[in-house]
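Only one structure is covered here, and it is reproduced in the block below.
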Amino acid sequence: MKDNLLLKVSNLDAGYGAIQVLWDINLEVKQKEVVCVIGANGAGKSTLLKNIVGIIPSFKGEIFYSDNNITKMASPERIKMGLGFAPEGRHLFFGLTVEDNLLMGAFQRKYDKSLKEDLDFVYTLFKPLKGYRKKLAGNLSGGEQQMCAIGRALMSRPKLLIIDELSLGLAPVVVDDLIDILAKLRKERGISILLVEQDVKVALDIADRGYVLEAGAVSIHDTTDKLAKNEHIKTAYLGIA
Ligand code: ATP
């Protein structure tokens with residue numbers, strides 16, 4: 001796609017049955033870019049991510065990923081093409097081990113040596129998971145569960161990693177570790193990241209650009225440097241009077 005675009009969402013309307021949640025959304029993610037979506041509870045952030053990943057269909061508009069129109073594609077096809085998703089609440093299989101959860105992320109791949117390499121890569125990235133590979137995911141701490149959810153998403157070898165609520169419920173020190181890991185993924189693997197983050201300060205620190213969702217529509221989008229100086233963002237989202 002033009003201008004190094006990896007993802008382009010055009011004029012997207014979406015919702016649940018008769019309820020429209022998203023209104024005329026336009027959003028782009030470039031290669032190796034980190035983009036955040038911020039907004040109040042119920043603004044439609046998760047709905048947008050679920051739409052991009054194909055978990056819920058759109059009413060109108062189009063989604064392009066790496067030169068392909070993926071609007072009508074089912075979720076597994078989108079994952080196969082290079083989208084990785086770590087959902088809100090992590091949605092791990094609590095009755096399975098950490099390693100089996102990670103392998104679930106590779107369910108569309110052949111069981112070959114590249115799978116072992118990717119498991120090793122995830123264990124290098126998230127060191128605590130290696131010691132817990134045989135532990136049930138349901139017995140992990142919140143931070144470890146988030147590591148496992150992101151690790152599972154990485155097992156499909158995504159070019160675009162989509163994370164819904166990176167820091168929710170996690171201690172600041174764990175969030176700092178996750179932020180370092182995301183920076184490493186971008187730098188060393190060239191992975192782009194689209195994330196929804198309720199902690200606006202964290203979101204603006206991590207991302208290059210951001211979109212503000214208000215009542216299901218994009219109200220502002222800009223570089224995070226400019227968003228951090230925006231008076232509306234400062235008062236409404238950063239608590240700075
Ligand atoms: P939060 O920060 O609280 O997670 P959000 O910005 O991610 O909020 P969404 O979860 O996308 O917001 O919800 C947007 C709207 O869609 C809300 O009004 C919500 O009640 C509604 N909604 C979400 N999921 C469903 C569903 N499965 N069926 C019907 N309405 C839904």
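When a ligand or atom number is given, it counts from 1 through the structure's own listing order. Just so it is clear, the model here is predicted, and its values are computed rather than measured.
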Point-to-point distance, once rounded to the nearest 0.5 Å, from CG of Leu83 to CG of Leu194: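 Separation between the atoms: 9.0 Å.
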Side chain, backbone, both or neither: which part of Gln198 comes within less than 4.0 Å of ligand 1 when only heavy atoms are counted?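 Neither part.
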Who's the nearest protein heavy-atom neighbour of [atom], and how far?
{"atom": "atom 17 (C) of ligand 1", "answer": "Gly42 O, 4.0 Å"}
{"atom": "atom 11 (O) of ligand 1", "answer": "Thr47 OG1, 2.5 Å"}
{"atom": "atom 2 (O) of ligand 1", "answer": "Lys45 NZ, 2.8 Å"}
{"atom": "atom 10 (O) of ligand 1", "answer": "Ser46 CB, 3.7 Å"}
{"atom": "atom 3 (O) of ligand 1", "answer": "Asn41 ND2, 3.0 Å"}

Within 45 degrees of the axis of the six-membered ring of Phe121 and under 6.0 Å from its centre: does Arg189 put its NZ or CZ there? yes
Please confirm whether Gly44 comes under 4.0 Å of ligand 1, counting heavy atoms of the residue only.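 Right, Gly44 reaches ligand 1.
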Would [X] and [Y] pass as an ion pair if we require N to O under 4.0 Å?
{"X": "Asp208", "Y": "Arg186", "answer": "yes"}
{"X": "Glu77", "Y": "Lys80", "answer": "no"}
{"X": "Lys229", "Y": "Asp225", "answer": "no"}

What atoms in ligand 1 come closer than 4.0 Å to a heavy atom of Val21?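 The atoms of ligand 1 under 4.0 Å from a heavy atom of Val21 are 14 (C), 15 (C), 16 (O).
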Only heavy atoms of Ala40, strictly under 4.0 Å: list the atoms of ligand 1 that pass.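 Ligand 1 atoms under the 4.0 Å threshold to Ala40: 6 (O).
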Any protein heavy atom under 4.0 Å from atom 23 (C) of ligand 1?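 True for atom 23 (C) of ligand 1.
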Is there any ring pair (Phe, Tyr, Trp, His ring centres under 6.0 Å) pair reaching into residues 29-48, and which pairs are they, with sequence neighbours excluded?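 Qualifying pairs, neighbours excluded: none.
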So Lys116 and Asp120, salt bridge (Lys or Arg N to Asp or Glu O under 4.0 Å) or not? Walk me through it. CA-CA 6 Å; Lys116 168 84 175 62; Asp120 287 343; 2.9 Å; yes
